[in-house]
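These figures come from a predicted structure and were not determined experimentally. Just so we're on the same page: letters track the sequence lines, and every chain starts at 1. Keep in mind that the numbers below use all heavy atoms, side chains included, and drop hydrogens, waters and symmetry copies.
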Number of protein chains: 2
Amino acid sequence: MFEPVTIKDIAKALGLSTSTVSRALRDTYEISPATKKLVTEYAKQIGYKPNPIALSLKERRSKSIGVVVSEVANSYFSQAIDGIESIAYDKGYHVIISQTHESYDREVINVNHLASRSVDGLLISLSSQTEDISHIKSLHDKGMPIVFFDRVADEIITDKVIADNEKGAYNATEHLIKSGYKKIAHLTSSNHLSISIERLSGYKKALADYGITFKEEYVKYCPHGGMLYEETETAIKELVALKDKPDAIFVAGDRLSTGCLSVFKNLKIEVPKDIAIAGFSNSDVLDLFNPSLTSVRQPAYEIGRLATEMLLKLIEAKYPVEEFEKKVLDTSLFIR
Amino acid sequence: MFEPVTIKDIAKALGLSTSTVSRALRDTYEISPATKKLVTEYAKQIGYKPNPIALSLKERRSKSIGVVVSEVANSYFSQAIDGIESIAYDKGYHVIISQTHESYDREVINVNHLASRSVDGLLISLSSQTEDISHIKSLHDKGMPIVFFDRVADEIITDKVIADNEKGAYNATEHLIKSGYKKIAHLTSSNHLSISIERLSGYKKALADYGITFKEEYVKYCPHGGMLYEETETAIKELVALKDKPDAIFVAGDRLSTGCLSVFKNLKIEVPKDIAIAGFSNSDVLDLFNPSLTSVRQPAYEIGRLATEMLLKLIEAKYPVEEFEKKVLDTSLFIR
DNA sequence: TTGAAAGCGCTAACAG
DNA sequence: CTGTTAGCGCTTTCAA
């Protein structure tokens, strides 16, 4: 069907060698202006496009990067993807997105799939189920450039970009405290996720700073991060069933926050009369929500851009990189 | 950094020729069981993975498909993408997603970018700005398999998958009529988009069937499809400023529906007291909205799956395909 | 049953 | 300044 024009066609038509054509096309110095003009004009005329696959084979790189996220339907990730694309496309890289749907198995499959399709680097945010990261470690050990964002694996020494989760959590919790709530629960995702740990820590710190005792039973984990309605509902039910029922709740994730509101709605729990709420969310329709949600917003777009810049730097580095950094970006609190 | 094992390494280590190794690995009949066993076992042991790029070069296909949508952040599209991935990954195809952000220029760039990266086929939903489709037509003429979904170009003869937009619009409008509204306005995206035309038609038909006269000034176009707050606000303001102010509004798009609610909120227009609303939306948090939104939901996941199945059939067809079809899937009305 | 060689599209080292 | 040649990893005639 497709019969693309090759460098050979041009060479034949113009009575030149393929290497001359190649040079003319690529602007090498050792070429006569006349030939160059001849070739470039003819090439344009017949619509020559270099075959990226042949180039990839030759240069041993694909000019594409793989992105592993849990869901593109999650506002945080879709914004991050916008950021990733903005940088990648600019530098001529393709972006291949794959979703884990918070499943460890899919993560392993996707990561290996991307690697075997020889992407030049990987941008990863771990699935909530992921504890064992050997699938990533082995790739990294083999030299695959990897940058983590959002949900990072500290065991792997590479660049990372995250929001200041601890501070964001602190701010949200503090806001609840300052609004007069004292019995603040915490709903979060799986306990091994970096973001969960950081947000839990911020929550605890705020409590401590305001002289409120941390209670273990006020913390509920939803390993599916809000993807499973029942899981969220059970957690909420357990919280409101406590003898010392919490009067507020700090929610540590995007889907979890909306999930929580849905549960409230269904259980006829009124906000903030029965319980107040503040949570992480990057949704851009939060203003339409009822009950309303005081939210911690992460600079997702910027995180995506930064992570991609760092990854491309790793990919294009001439010498093995030894120094890595973890960039931490500020969150913003939107009081509603 | 990466030093992948090649067929040559195996050949050398085993004292065979590369062609023998290749055959052994690919299960050709003309190979001795002994050699085959030897090779496959050794290959597995040292972790041999065929280089997909070399394969692509040889077989002139990349085993990847390109997807062009306006925004992954749009629920409809993220659901469609889930459907696309579910089929594509199953069949060993990569999915490369690109966003137009409703811009014609970006669409042209993205389509050409994907084509030049030699995807094997394209799944396209047009940007709202797109009127001229020659960038797609020329690719299609050259033999690139293309399937349209959602926003289709009827001028291009190929497979298409859409929701029954006309019926969906009819149902929504009818619902408003049956709820007692008679002065129903219509807010839609650009007037050249297939979905706009179909939805407008369903709206008109419902009005006609219930003996309501269609009024041109009740139809407002937002070419940016809700991406530009001001545009939506202006449209709404014009509607409510009409001397014969509408008492209900049927909105023809996802972002437009939420955009509309935002405008209502800001202008302190109360729903349904001041104006009732029904609109297309695939958001999964609609239940949390206030004001609430009666919605027409499209089977986005299924549309994505179907479109991908059709595309892969085109790609893998042995002979040029002459027969194309347009599949139309039912929408569902959620009354809130 | 196996090996040698050509070729997919392109670049680069080496000659001339 | 330009052509010849080899090679990226793999498959596939063609010979042996």
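Of the side-chain N and O atoms in A:S22, none sit less than 4.0 angstrom from OP1 or OP2 of C:dC10. Phosphate contact (OP1/OP2 of C:dT2, side-chain N/O of B:T35, threshold under 4.0 Å): present. Distances shown here put every side-chain N or O of B:S56 at or beyond 4.0 Å from the OP1 or OP2 atom of C:dC8. Side-chain N/O atoms of B:R60 include one lying less than 4.0 angstrom from OP1 or OP2 on C:dG9. Side-chain N/O atoms of A:S32 include one lying less than 4.0 angstrom from OP1 or OP2 on D:dT2. Between C:dA12 and A:R26, a contact under 4.0 Å exists linking OP1 or OP2 to a side-chain N or O. At D:dC8, one or more side-chain N or O atoms of B:K8 fall inside 4.0 Å of OP1 or OP2 (strictly under the cut-off). Using a 4.0 Å cut-off, no side-chain N or O of B:S19 falls inside it from OP1 or OP2 of C:dG3. Dashed line: the shortest gap from a side-chain N or O of B:T20 to OP1 or OP2 of C:dT2 is not under 4.0 Å. Regarding contacts with the backbone of C:dG3, a side-chain N or O of B:S17 is found under 4.0 angstrom from either OP1 or OP2.
Between A:H113 and B:H94, the ring planes lie parallel to each other; the angle is under 30°, not in the 30° to 60° tilted range. Between B:Y76 and B:F149, the ring planes are parallel. Angles under 30° get that label, and only those over 60° would be called perpendicular.
Taking atom CZ of A:R61 as the reference point, atom P of C:dC10 lies 15 Å away to the nearest angstrom. Going from atom CD of A:E59 over to atom C1' of D:dG7 covers 14 Å, rounded to whole Å. In this structure, CZ of A:R23 is placed 8 Å from P of D:dG3, rounded to the nearest angstrom. One interatomic measurement links the two molecules: NZ of A:K63 to P of C:dC10, which rounds to 17 Å at whole-angstrom precision. The distance from atom CD1 of B:I7 to atom P of D:dG7 is 18 Å, rounded to the nearest whole Å. Distance A:K58 NZ to D:dG9 P: 10 Å, rounded to the nearest Å. At whole-Å resolution of the value, CG in B:L25 and C1' in C:dT2 are 15 Å apart. Distance A:I53 CD1 to C:dT11 P: 14 Å, rounded to the nearest Å.
Under the side chain to side chain contact (heavy atoms under 4.5 Å, CB included) test applied with A:F148, the options A:I156, A:D159, A:V161 reduce to a single match, A:I156. In summary, of the residues considered (B:L193, B:D150, B:I195), a side chain to side chain contact (heavy atoms under 4.5 Å, CB included) with B:S125 occurs for B:D150 alone.
Taken to the nearest 0.5 Å, the CG atom of B:L314 stands 5.0 Å off from the OG1 atom of B:T158.
Judged by distance alone, the side chain of A:S22 and the main-chain N or O of A:T18 form no donor-acceptor pair under 3.5 Å.
Nearest nucleotide to the side chain of B:Y48, out of D:dC10, C:dT2, C:dG9: D:dC10. Of the listed nucleotides (C:dT11, C:dG9, D:dG9), C:dG9 has the atom at the smallest distance from the side chain of A:A54.
Axis angle, first five pairs versus last five pairs of the helix from C:dT1-D:dA16 to C:dG16-D:dC1: 50°, rounded to 10°.
A donor and an acceptor atom, one from each side chain of A:E107 and A:T130, are located under 3.5 Å apart.
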Salt bridge (charged side-chain N to carboxylate O under 4.0 Å, His left out) between A:R151 and A:E102, worked out: CA-CA 12 Å; A:R151 298 126 167 239; A:E102 304 292 14; 3.0 Å; yes
